[in-house]
Amino acid sequence: MSSTIPTFEARAYAASSPTSSLESSTIARRVPLATDVQIEILYCGVCHSDLHTARDEWHSAMPTQYPCVPGHEIVGRVTQVGADVTGFKVGDLAAVGCLVDSDGTCPHCANGDEHYCAQQVLTYNAPDRHLGGVTLGGYSSSVVVDQRFVLRVPESLDLAAAAPLLCAGITTYSPLRQHGVTAGKKVGIVGLGGLGHMGVKFAKAFGAGVVVFTTSPHKRDDAKRLGADDVVVSTDAADMARHAGTFDFILDCVSAKHDVNALLGQLKTEGRLTFVGAPEKPMEVSSFALIFGRRQISGSNIGSIAETQEMLDFCGEHGITADVEVIPVSRVNEAYERVLRSDVKYRFVLDMSTL
Ligand code: NAP
Ligand code: ZN
């Protein structure tokens, strides 16, 4: 597509191939259209999906086009608005998550489920309807997004620690809410990373009993501090036996292939395991692990825009943010290596003023 829309230059960090490091570059952003909001990005979280995409690990489902600018946990200040923007003005705090557009007309959109719209446009590596090529994410000095996909950040929250709410937050908040996690329910959170640590905070805030399943025994004290009532080391069969058959709901936040059947055995009759983690390789499910116990297995994609705003407001009321390690953009490649070693407490956030 050759575009006639006026653009301006923004700074960014981009990967140019599946094996190259991310490096400083410049990109084009569209000059705001009538319903667009232009945001100066102050902080951007580092999600494991950024790594999967930058390294083209999801090639069969969503091949990566290069250069790739990841980043979908974006917070910043509004610097310009189009003539028809009603909800935002210059100087406001604003945030953008994983979605920047949808068709707005399909049954999912009509139902407020734009995150299941077949024409949804992800914040990066999705066809850019305005400029051609693919959308470019939040590892950048600015972003221009239609007002329907711009969120409000409660002023009371620390801005850097609020950035991960835009993906890790909503991706765990939504399935916990959708599947009725409240007081009296027993919930397992698998994988204490960016998503998992938010899952623990939300499940606890909703009043549930929470058990963390981890492969990292050294995370035990952190898990308890974050709100877990108990911690199970999932590689230890004796430890796994302690809670077997007792969970109403398990949220699987793991980024790599692992033993799903051992987790299904933790559910009680009619219990549900929901995947939000998206490992590169498929995983085996034994039908026996489901049949004996009428158990259910499902998946969940981020959350809707309305639900994301609800989650941000909930976080404002309850003082919930992510535990973050704020780093300069120049250290993003090092951060990727540490994420792969599960060595992050519990989300890296890029300080975009260092770009
Ligand atoms: P992360 O911070 O890297 O956390 C992943 C955690 O999984 C690790 O901290 C580790 O926890 C555990 N883990 C890693 N390798 C493992 C292995 N081989 N076996 C067992 N456990 C392992 O990643 P994240 O940013 O939270 O993202 C997690 C996954 O969710 C990614 O696949 C990401 O793409 C996906 N995601 C999905 C959605 C969605 O809408 N569904 C949205 C965002 C992200 P322990 O050390 O505690 O074992
Ligand atoms: Zn994400």
Side-chain angles (χ1 to χ4, degrees), residues 44-58 61-62 64 70-74 96-99 115-116 120 122-125 137-139 163-176 178 188-201 211-223 226 228 231-236 239-240 251-260 262-263 274-283 298-304 307-308 311 322-325 335-349:
C44 184
V46 174
C47 178
H48 206 118
S49 302
D50 301 354
L51 275 84
H52 289 305
T53 306
R55 299 181 175 193
D56 203 14
E57 290 175 355
W58 289 338
M62 294 190 273
T64 304
H72 56 204
E73 294 182 337
I74 299 168
V96 177
C98 304
L99 277 184
H115 55 313
Y116 295 110
Q120 66 182 263
L122 297 171
T123 303
Y124 57 80
N125 198 44
Y139 297 3
L165 299 177
L166 277 300
C167 175
I170 185 57
T171 302
T172 50
Y173 180 94
S174 176
L176 292 170
Q178 299 288 340
I189 303 289
V190 191
L192 198 63
L195 268 58
H197 96 289
M198 289 310 307
V200 173
K201 292 187 185 202
V211 176
V212 164
F213 291 87
T214 181
T215 59
S216 309
H218 65 271
K219 293 183 182 173
R220 187 182 300 273
D221 290 347
D222 280 346
L226 292 163
V231 179
V232 170
V233 176
S234 54
T235 48
D236 178 337
D239 214 15
M240 285 291 275
L251 190 64
D252 188 324
C253 306
V254 174
S255 53
K257 194 172 174 177
H258 58 286
D259 186 352
V260 179
L263 294 171
T274 294
F275 286 107
V276 285
E280 172 183 3
K281 297 198 175 77
M283 295 182 286
S298 63
S300 183
N301 181 37
I302 47 174
S304 71
E307 204 176 21
T308 305
M311 178 272 310
D323 286 27
V324 298
E325 186 173 338
Y336 275 21
E337 294 308 320
R338 284 183 54 194
V339 167
L340 286 174
R341 294 197 299 270
S342 301
D343 174 24
V344 48
K345 293 188 169 182
Y346 277 86
R347 196 59 136 187
F348 287 109
V349 171

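Just follow the structure's listing: the first ligand is 1, and inside any ligand the first atom is 1. Just so it is clear, the model here is predicted, and its values are computed rather than measured.
The N/O atoms of Tyr346, backbone and side chain alike, include none that comes under 3.5 Å of an N/O atom in ligand 1. Checked by distance only, ligand 1 and Pro279 stay at 3.5 Å or farther apart across all their nitrogen or oxygen atoms. For Ala256, no nitrogen or oxygen atom sits less than 3.5 Å from a nitrogen or oxygen atom of ligand 1, counting backbone and side chain alike. Distances between N or O atoms of His52 and those of ligand 1 include at least one value under 3.5 Å. By the 3.5 Å distance cut-off applied to N or O atoms, Ser300 is counted among the residues near ligand 1. At under 3.5 Å, a nitrogen or oxygen of Ala278, whether backbone or side chain, sits near a nitrogen or oxygen of ligand 1. Polar contact with ligand 1: absent for Val344 (N/O pair, distance under 3.5 Å). Here's the thing with Leu195: one of its N/O atoms is less than 3.5 angstrom from an N/O atom of ligand 1. Where the criterion is an N or O separation shorter than 3.5 Å, residue side chain and backbone included, Ile302 meets it with respect to ligand 1.
Among the atoms of Cys167, an N, O or S atom falls under 2.8 Å from the Zn ion (ligand 2). In summary, Cys98 places no N/O/S atom under 2.8 Å from the Zn ion (ligand 2), failing the contact criterion.
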Could you go through the side chain to side chain contact (heavy atoms under 4.5 Å, CB included) check for Met198 and Tyr346 one step at a time?
CA-CA 9 Å; Met198 289 310 307; Tyr346 277 86; over 6 Å; no
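In summary, the atoms of ligand 1 found under 4.0 Å from a heavy atom of Asn301, numbered by their order in the structure, are 40 (O). Contact atoms of ligand 1 toward Lys219: 9 (O), 11 (O), 45 (P), 46 (O), 47 (O) (distance under 4.0 Å to a heavy atom of the residue).
Within the 4.0 Å heavy-atom criterion, the part of Thr171 lying near ligand 1 is the side chain and not the backbone. No part of Phe348 comes within 4.0 Å of ligand 1, judged by heavy-atom distances.
Considering only non-hydrogen atoms, atom 47 (O) of ligand 1 lies nearest to Thr214 out of Thr235, Thr214, Asp259. The heavy atom nearest to atom 12 (C) of ligand 1, out of those in Gly194, Gly191, Pro175, is found in Gly191. Distances from atom 28 (C) of ligand 1 to the heavy atoms of Gly277, Cys253, Gly199 show the closest one on Cys253. The option with the heavy atom closest to atom 24 (P) of ligand 1, from among Arg341, His115, His48, is His48.
Between His197 and ligand 1 there is no heavy-atom distance shorter than 4.0 Å. Ala168 does not count as a contact of ligand 1, since none of its heavy atoms falls under 4.0 Å from the ligand.
Here the closest non-hydrogen pair linking Arg347 and Ala168 is NH2-CB, 3.5 Å. Counting all heavy atoms, side chain and backbone alike, Tyr336 lies closest to Ala54 at CE2-CB, 4.2 Å.
Under a 4.0 Å N-O distance rule, the pair Arg55/Glu280 does not qualify as a salt bridge.
Given atom 10 (C) of ligand 1, the protein heavy atom at minimum distance is Ser342 OG, 3.5 Å.
Judged purely by atom type and a 3.5 angstrom limit, Asp50 has no side-chain atom pairing as donor or acceptor with the backbone of Pro70. Between the Gln120 side chain and the Leu99 main chain, no donor and acceptor come within less than 3.5 Å of each other.
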